[in-house]
Amino acid sequence: MPELPEVETVRIGLNELLPGHKVVFAASDWAKSFPNSQADVNAFLIGSKVVRVRRRAKVLIIDLDTNYSLIVHLKMTGQLVYRALGNRIRFGAGHPNSSLIGQLPDKSTRVTLELDKAHLFFNDQRKFGWMKLLPTVEIEQLDFFKKVGPEPLEKDFTSTKFIQCLRKRNNSGAKAVLLDQTIVAGVGNIYADESLWGAGIHPAKLVREINDRQLRTLFSELQFVLKLAIDKGGSTDKNYVNAEGKLGSYLNFARVFRREELDCPRCSSAIQKLKVAGRGTHICPACQKL
DNA sequence: CACTTGACCTGTCCGC
DNA sequence: TGCGGACAGGTCAAGT
C-alpha cells in the first residue's frame, strides 16, 4: 500500500533522523525480509554510518559510508520506524497498531537495526517487503531500476513527456497503465483512483480513446494528488506509518478511494466500487463514463 | 508481445 | 464460537 507519497514521507523523516548514526547490530528472524549473508552484514553494514536517505519510485535507499546501501521496499504492509532509545511511540486510539504503544519490536518486526542511540525497526505484517544490502553503484543495475519509468514529480517531467509515456500503452486501460511502474514510477491503487476521478476518466477506458487534452488534465491531477498526499503525510488505511510511527491523513481528503456508497464531491452521485486491472477500484459513475 | 493470473504472506471480516 | 473463504494490493514469474 505504500505508494510514492508514503515512501517519500518515510524518506523525509528518515533523512532527518538517520544520517550520522552508526549501525551497531542487525538481527532478522525472517530471511526473505533481509536475505544478505551474515558475512556481508558484518563487513559492510555493522560499523557503517548512514550518509543520506534517498527514494526512487517506491524504493528507499539508505546510503552508508562503506559505499554500500540498504535498499528497502515496503510493498503492502512494510513500516520503517525509527525510535530514539527510551522514546515511546503512540499510535492513534483504534488504530490496529495502537496495541504497539511503547512496545517495539512486535510480532511483525522482521529486521531490527541497532544504532548508536536508536533503533530502526523494519515491520512487515505480510512479509512481502524486503531490505537488501548491496554496493551503491550496483543499485542502478538492478532489473527494477533499469526498467522503472520517470518520477512523476520531477521538475523536467512535463505533460508532453507524460503523454508520450502513456501512449506506449495505447491499447491498455488507463488504470492499468498508471499502475505500470515501467511507464510512470510510484503510482499505486489509491492515487490511480484519485487522479482518474480528478480528470473524469473511467479507469477501464483505453488510452487510445483518451485525447491529449484529457491526458494533460490527468497529468495535473496526478501531480496534485501526489503533492497533496505528501503534504498530508501519506495515506494510512491499515498499516502505514511514517518514520516516527505516526499516521498519514490523506484519506480524510480522498474523493473516491474507500468511499463507495458515499456522495461524489463533484456531482453527489453515489460512488461505486468495481474491479479494474485486477484491483478494487472506486469511481463516480456520472463523472467517469466508459 | 500484451495481457491475465498466480504466488508470495498475514490478518480481518463475512456468512454459515 | 469456530471455520472456510474472500479480500486487501506491489511486484515478479508464468501462463494464455
Side-chain angles (χ1 to χ4, degrees), chain A residues 1-8 10 28-35 55-60 71-80 91 94-100 105-111 122-132 139 142-149 151-152 165-196 203-209 226 229 234-241 248 250-251 254 256-261 272-282:
Chain A
M1 195 199 313
E3 306 179 27
L4 188 155
E6 289 73 32
V7 180
E8 178 63 11
V10 174
S28 171
D29 66 356
W30 185 255
K32 290 180 179 176
S33 295
F34 189 24
R55 178 190 61 77
R56 175 77 171 98
K58 299 171 188 169
V59 180
L60 284 163
I71 62 173
V72 184
H73 201 308
L74 302 174
K75 292 288 180 85
M76 253 94 74
T77 57
Q79 307 172 329
L80 213 43
F91 293 99
H95 185 263
N97 281 338
S98 59
S99 61
L100 296 189
D106 73 350
K107 64 180 175 180
S108 78
T109 299
R110 309 301 173 200
V111 184
F122 177 42
N123 301 332
D124 187 15
Q125 177 186 101
R126 290 176 66 182
K127 299 179 175 177
F128 287 179
W130 44 257
M131 168 183 287
K132 291 173 187 165
I139 292 174
L142 295 174
D143 281 351
F144 177 84
F145 284 95
K146 282 196 288 192
K147 291 189 299 186
V148 72
E151 289 288 329
C165 289
L166 295 215
R167 295 256 179 248
K168 292 182 204 164
R169 293 279 187 282
N170 238 352
N171 294 319
S172 301
K175 179 163 181 175
V177 176
L178 284 177
L179 294 176
D180 186 337
Q181 300 299 294
T182 70
I183 300 297
V184 178
V187 183
N189 209 34
I190 298 173
Y191 305 107
D193 281 6
E194 289 288 293
S195 58
L196 286 165
K205 189 154 188 154
L206 299 183
V207 172
R208 101 166 91 82
E209 295 170 344
L226 293 176
S235 295
T236 296
D237 181 28
K238 291 191 172 64
N239 287 270
Y240 169 74
V241 295
Y250 176 84
L251 289 186
V256 285
F257 191 79
R258 289 289 152 76
R259 292 178 55 79
E260 55 268 35
E261 319 270 311
Q272 290 178 358
K273 183 170 183 185
L274 46 151
K275 187 163 264 198
V276 176
R279 311 295 174 81
T281 298
H282 311 77

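Naming convention: chains lettered A, B, ... in sequence-line order (proteins, then strands); numbering from 1 in each chain. What you see is a predicted model; the values in this text were computed from it and never measured.
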Same-atom distance ([atom1]) from [N] to [M], integer angstrom:
{"N": "C:dA14", "M": "B:dC9", "atom1": "P", "result": "16 Å"}
{"N": "B:dG11", "M": "C:dT11", "atom1": "P", "result": "22 Å"}
{"N": "B:dG6", "M": "C:dG5", "atom1": "P", "result": "16 Å"}

Considering every strand and a 4.0 Å limit on heavy-atom distances, what is the contact class for [X]: base, sugar-phosphate, or nothing?
{"X": "A:Lys147", "result": "nothing"}
{"X": "A:Asp124", "result": "nothing"}
{"X": "A:Phe145", "result": "nothing"}

| Does A:Arg259 reach the main-chain N or O of A:Gln272 with its side chain, forming a donor-acceptor pair under 3.5 Å? |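 A pair under 3.5 Å: no.
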
Residue-phosphate contact under 4.0 Å: [X] side-chain N/O, [N] OP1/OP2:
{"X": "A:Lys238", "N": "B:dT12", "result": "no"}
{"X": "A:Lys127", "N": "B:dT10", "result": "yes"}
{"X": "A:His73", "N": "C:dG10", "result": "no"}
{"X": "A:Arg258", "N": "C:dG9", "result": "yes"}
{"X": "A:Thr77", "N": "C:dG9", "result": "no"}
{"X": "A:Lys273", "N": "C:dA8", "result": "yes"}
{"X": "A:Lys75", "N": "B:dC9", "result": "no"}

| task | Take atom CZ of A:Arg110 and atom C1' of B:dC9, then tell me their distance rounded to the nearest Å. | result |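 Taking CZ of A:Arg110 and C1' of B:dC9, I get 9 Å after rounding.
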
| said: What is the separation between atom NZ on A:Lys58 and atom P on C:dG9, rounded to the nearest whole Å? | reply: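 Going from NZ in A:Lys58 over to P in C:dG9 covers 11 Å.
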
| query | In which ranges does DNA chain B form stems of 3 or more consecutive Watson-Crick or G-U pairs, distances under 3.5 Å? | reply |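 B:2-8 with C:10-16, B:10-16 with C:2-8 - these are the stems of 3 or more pairs that involve DNA chain B.
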
| For the side chain of A:Arg126 and the base of C:dA8, is some donor closer than 3.5 Å to an acceptor across the two? |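 Answer yes: a donor N or O sits under 3.5 Å from an acceptor.
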
| task | Would you jot down, in residue-number order, the residues of residues 176-187 of chain A having a non-hydrogen atom under 4.0 Å from DNA chain B? | result |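 Nucleic-acid contacts, sorted: none.
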
| query | Per the side-chain contact (heavy atoms from CB on, under 4.5 Å) rule, which among A:Thr77, A:Leu251, A:Val10 passes with A:Tyr240? | reply |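 One option only clears the test, and that one is A:Val10.
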
| message | Using side-chain heavy atoms (C-beta onward) and a distance below 4.5 Å, is A:Pro5 in contact with A:Tyr250? | response |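 Sidechains of A:Tyr250 and A:Pro5: no contact.
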
| task | Tell me whether A:Phe128 is stacked on the nucleobase of B:dC8, counting only the six-membered base ring and applying the 5.5 Å and 30° thresholds. | result |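 Here the ring of A:Phe128 and the base of B:dC8 are stacked, with centres under 5.5 Å and planes under 30°.
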
